[in-house]
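Taking it in order: structure first as structure tokens, then the write-up.
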Amino acid sequence: MQDLPSDRDALQALLDFHVEAGVDLALDETPHNRFAEPKAEAPKAEAPKSPAPKSSPAPSAPSPRALPKAAASAPEEVAGMAREQARHAQSLEELEAILAGFDGCALKFSAKNLAFADGNPEGRVMLVGEAPGADEDRIGKPFMGRSGQLLDRMLATIGLDRTQVYVANIVPWRPPGNRTPTPQEIAICKPFIARQIELAGPEFVLCLGGPAAQNLLGVKDGILRTRGRWFTYKTEDGREIKALPTLHPAYLLRQPLQKRLGWRDFQALRRALDGRE
Ligand code: URA
């Protein structure tokens, strides 16, 4: 590596800059200059007509960490495998073990841990977020960082804590750099969260943020339109669960004035729990 500053403070500042920019994960032992690397082998039909020159063979680049075959297969095929495997789980423990052994989602191979769930699976309320962040990835449980702390404070305003609610995410592995999970990643993980909801069997599902609401409830509108309205979540085995989209705590940390809307939604949940809604 070249052009690296030599003193400690400058190196730390450079590292902080990369972490701030979301580059907080080493995917390989050494950096690659992608511009200098040879292009991936073209499909046969597009191969050049003239033979490649015999001299100067392309320098061999270190091969990127290989993904298991399942993670490299077509997303629809992998989603089918995920549905098949999730259906077999007869308990949440079994589902977690199946998910831990599932190689179909490439996020698993950049994440440190599976963040399957936190809280009480017997609780009347299940909260579903989007995907783990750095703290959740390190600890292996959903909503452990700043968003989780705000979530706990919001739950406390309606007399709940994690001994009474069950918490999970639509995607259980952290996307590198906290990027949004791709539609393919969500499609692959969806059968698992669907089975998790089915096995936990809560009375109410609180969808935290737009992606959870859109993917669980099939709504197209953004969260500012859907929040605070009750929907019905249907499990595969035909049960109907009352579901309420609300603003994601990470959004509320960025937009504190919107906390009053989140607070209203939590009040609606309280009323529903008390049979007043
Ligand atoms: N955001 C989420 O959606 N889930 C977490 O677990 C943490 C942050």
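Since the structure is predicted, the reported quantities are computational estimates derived from the model, not experimental observations. Atoms within a ligand are numbered from 1 in the order they appear, just like the ligands themselves. What's counted below: heavy atoms across the whole structure, side chains too, no hydrogens, waters or symmetry copies.
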For this session: For the pair Y233 and E240, evaluate side-chain hydrogen bond (donor to acceptor under 3.5 Å, both in side chains) and give the outcome as yes or no after the intermediate values.
Result: CA-CA 6 Å; Y233 175 80; E240 296 194 342; over 6 Å; no
Indicate every side-chain donor-acceptor pair of residues 79-89 with a distance under 3.5 Å to a residue at least two apart or in another chain.
from: H88; atom 1: ND1; to: E84; atom 2: O; distance (Å): 2.9

Problem set entry | Ion pair check, D274 and R271, cut-off under 4.0 Å | no
For this session: Return yes if some donor-acceptor pair links the side-chain N/O of D7 with the main-chain N/O of A10 below 3.5 Å, else return no.
Result: yes
Seminar exercise, completed: Residue pairs passing the side-chain hydrogen bond (donor to acceptor under 3.5 Å, both in side chains) test with at least one member in residues 190-205, sequence neighbours excluded, are R124-E203, Y166-Q196, R195-E198
Seminar exercise, completed: For D118, the side chain to side chain donor-acceptor pair (under 3.5 Å) test, sequence neighbours excluded, returns R162
For this session: Non-hydrogen atoms closer than 4.0 Å to ligand 1: which protein residues do they belong to? List them by chain and number, please.
Result: G129, E130, A131, P132, E136, P142, F143, N169, H248
